[in-house]
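Here's the structure we're looking at; comments come further down.
Order of the sequence lines fixes the chain letters, A, B, ..., with proteins taken first and strands second; residue numbering starts at 1 for each chain. When reading the values below, keep in mind they use all heavy atoms of this one structure, side chains included, and skip hydrogens, waters and symmetry mates.
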Number of protein chains: 2
Amino acid sequence: MEVFAVPGLPEFEPGDDLAAAIEAQVDLRPDDVVCVASTVVSKVEDRRQPLARFEPTERARSIAERLASITGSTKDPRFAQAVLEESTSLVLDAPFLLAVTRFGHVGVNAGIDRSNTGGQGVLLLPEAPSESAARIRAGLSESPGVIVTDTSGRPFRTGQRGVAIGWDGVPVGRDWRGERDRDGTELAVTVENVADELAAAANLVSGEGAGGKPVVVVRDFEFGDHGTTEQLFRDRETDYVRQALEAWE
Amino acid sequence: MEVFAVPGLPEFEPGDDLAAAIEAQVDLRPDDVVCVASTVVSKVEDRRQPLARFEPTERARSIAERLASITGSTKDPRFAQAVLEESTSLVLDAPFLLAVTRFGHVGVNAGIDRSNTGGQGVLLLPEAPSESAARIRAGLSESPGVIVTDTSGRPFRTGQRGVAIGWDGVPVGRDWRGERDRDGTELAVTVENVADELAAAANLVSGEGAGGKPVVVVRDFEFGDHGTTEQLFRDRETDYVRQALEAWE
Ligand SMILES: Nc1nc2c(ncn2[C@@H]2O[C@H](COP(=O)(O)OP(=O)(O)O)[C@@H](O)[C@H]2O)c(=O)[nH]1
Ligand SMILES: Nc1nc2c(ncn2[C@@H]2O[C@H](COP(=O)(O)OP(=O)(O)O)[C@@H](O)[C@H]2O)c(=O)[nH]1
Ligand SMILES: [Mn+2]
Ligand SMILES: [Mn+2]
Ligand SMILES: [Mn+2]
Ligand SMILES: [Mn+2]
């Protein structure tokens, strides 16, 4: 399996055609997986917004005040408002904002970025990253799989890593249910989230800085003869961690 | 960057020399990262144990009974005992066992596996996976980086993915602190956990089944000119999710 960045991509602007920009730089194959950093998807989808666009409600003000009193540094109520507008609910409102985005992803600050935003304001995640992935894929002549990625943190483990937030033409999960291990015992691991693993692999090449490598191709990944799954985010009902956090004072 | 499985590895037995087995099959380079599935590390370290070896305490019995009453299927108190013996504490004791292993990893059932265990009993994680990584590395003439991996689940997102549980000769984190994005703004993402990203990439090639690919080489990964970090597991004090779970009824 090979993992390489698409070279020579420009700074992206609203309305730019990502698929065309990719295709101009690389000869894709039908079984490639093209991983696209959400930052550039957001840029072309005009998701960069000045903070002034967010009129804080009472709730946003009180969240920002509480966060400021806990963390000891000022918090912009307009930023809290942006998080609220991007979310269907908050899993935590302190000591940081952990939000469920409108498309189901649980992320700190609803994944709103202040880096690589083009100098000012905030960069919201794409509104519907799997639809973005489908649009990009439709513009690529060989119809490879497309994953929209982001970088995010998680409990228990330090640091951040690449994750998938949208996908098209590639399954989320490799389903091992019913298969047997080397001794004939049924497998304990049931579903492997290959979309997240592909996003993590891509992030090793993209990095987080000024490197200018927002698109990474994974070539010759062998999915193998397995079932597939198409759900990326857990249901609240079976997510005990989410329930515990929501109940936490 | 290239990611490939070491071919032709045998079924491993207690006492086998993993490094020698790897070296017999592949010409490694100093800047390779060799990812080794914990399953085979455990096998050579004789961590396969019959369940009868675990004498359930009162606590293990009551945990197993409570789990059985919640899930509706019987739970072996000896298995609960194995989890307790492998852990320093439980983050959750229901509706499943989420444990902090002796080396600091938070995992369901303390990462104890029933698959690929050689037919019976349980397979415990290596006692000190970073020491295992260092031993394997010491046996490899080119001294590549070594990561011991496992497959594990996580909150919020479906399925399981490869993670690092031990490492040697490769940093855990790529530290972006102080660096600037494409617009000169200081980066929001501070530390990228490349050990976990490498483990995830390796897992795409290893898979979870009978494929016999426990060792994966990542070649030509460019770490770049960045700071490094050496902590894989969060401190409890700054892990709010862990604290919320511990406080959950
Ligand atoms: N060529 C190009 N690269 C960009 C642009 N914006 C961001 N990048 C690069 O894309 C990669 C990922 O950026 P990051 O901000 O971490 O994106 P995120 O992980 O989706 O939040 C890095 O290599 C950035 O330098 C852009 O407009 N053009
Ligand atoms: N050659 C060989 N492969 C093994 C052995 N045990 C497990 N594997 C393979 O190692 C890979 C990872 O196995 P898995 O049980 O998922 O390990 P874990 O992720 O560390 O728990 C799979 O490709 C297995 O088929 C062994 O003793 N020899
Ligand atoms: Mn981002
Ligand atoms: Mn990133
Ligand atoms: Mn395992
Ligand atoms: Mn595995």
> Is it the backbone or the side chain of B/R174 that comes under 4.5 Å from a heavy atom of chain A, or both, or neither?
Replying inline: side chain

>> Which atoms of B/V172 are under 4.5 Å from chain A, going by heavy atoms: the side chain, the backbone, both sets, or neither?
In response: side chain

>> Run the salt bridge (Lys or Arg N to Asp or Glu O under 4.0 Å) test on A/R177 and A/D175 for me, step by step, so that the C-alpha distance in whole Å, both residues' side-chain angles and the decisive distance to 0.1 Å come before the verdict.
In response: CA-CA 6 Å; A/R177 275 174 288 197; A/D175 192 347; 2.9 Å; yes

> Looking only at heavy atoms, what is the nearest atom pair of B/L125 and B/A110, with distance?
Replying inline: CD1-O, 3.6 Å

> If you look at every heavy atom in A/K43 and A/F12, which pair is closest and at what distance?
Replying inline: CD-O, 3.7 Å

> So, the side chain of A/D181 versus the backbone of A/G184: is there a donor-acceptor pair under 3.5 Å, distance only?
Replying inline: yes

> Under 3.5 Å, is there a donor-acceptor pair between the side chain of A/S38 and the main chain of A/V148?
Replying inline: no

> Given that the side chain runs from C-beta out, which part of A/E179 has a heavy atom under 4.5 Å from chain B: side chain, backbone, both or neither?
Replying inline: neither

> Using non-hydrogen atoms only, which part of A/H226 is less than 4.5 Å away from chain B: side chain, backbone, both, or neither?
Replying inline: neither

> Can you tell which of A/A247, A/G224, A/G173, A/G207 has the highest number of heavy-atom pairs within less than 4.5 Å of chain B?
Replying inline: A/G207

> Do the ring planes of B/F221 and B/F223 sit parallel (below 30°), tilted (30 to 60°) or perpendicular (above 60°)?
Replying inline: perpendicular

Which one wins on heavy-atom pair count under 4.5 Å against chain A: [options]?
{"options": "B/A195, B/A164, B/G104", "result": "B/A164"}
{"options": "B/F156, B/Y240, B/F233", "result": "B/F156"}
{"options": "B/Q243, B/R236, B/R219, B/R154", "result": "B/R154"}
{"options": "B/Q231, B/E192, B/E222", "result": "B/E192"}
{"options": "B/V191, B/D196, B/T158", "result": "B/T158"}

Just so I know, are the side chains of [X] and [Y] near enough to count as touching, which here means a heavy-atom distance under 4.5 Å?
{"X": "B/I112", "Y": "B/E86", "result": "yes"}
{"X": "B/V241", "Y": "A/L245", "result": "yes"}
{"X": "B/S152", "Y": "B/V108", "result": "no"}

Which donor-acceptor pairs under 3.5 Å do the side chains of residues 198-205 of chain A make with protein atoms, sequence neighbours left out?
unit_1: A/N203; atom_1: ND2; unit_2: A/E208; atom_2: OE2; d: 2.8
unit_1: A/N203; atom_1: ND2; unit_2: B/E197; atom_2: OE2; d: 2.8

>> I'd like to know if the side chain of A/T185 pairs up with that of A/R180 as donor and acceptor (distance under 3.5 Å, no hydrogens or angles considered).
In response: no

> Heavy atoms under 4.5 Å from chain A: which residues of residues 90-100 of chain B carry them?
Replying inline: B/P95, B/F96, B/L98

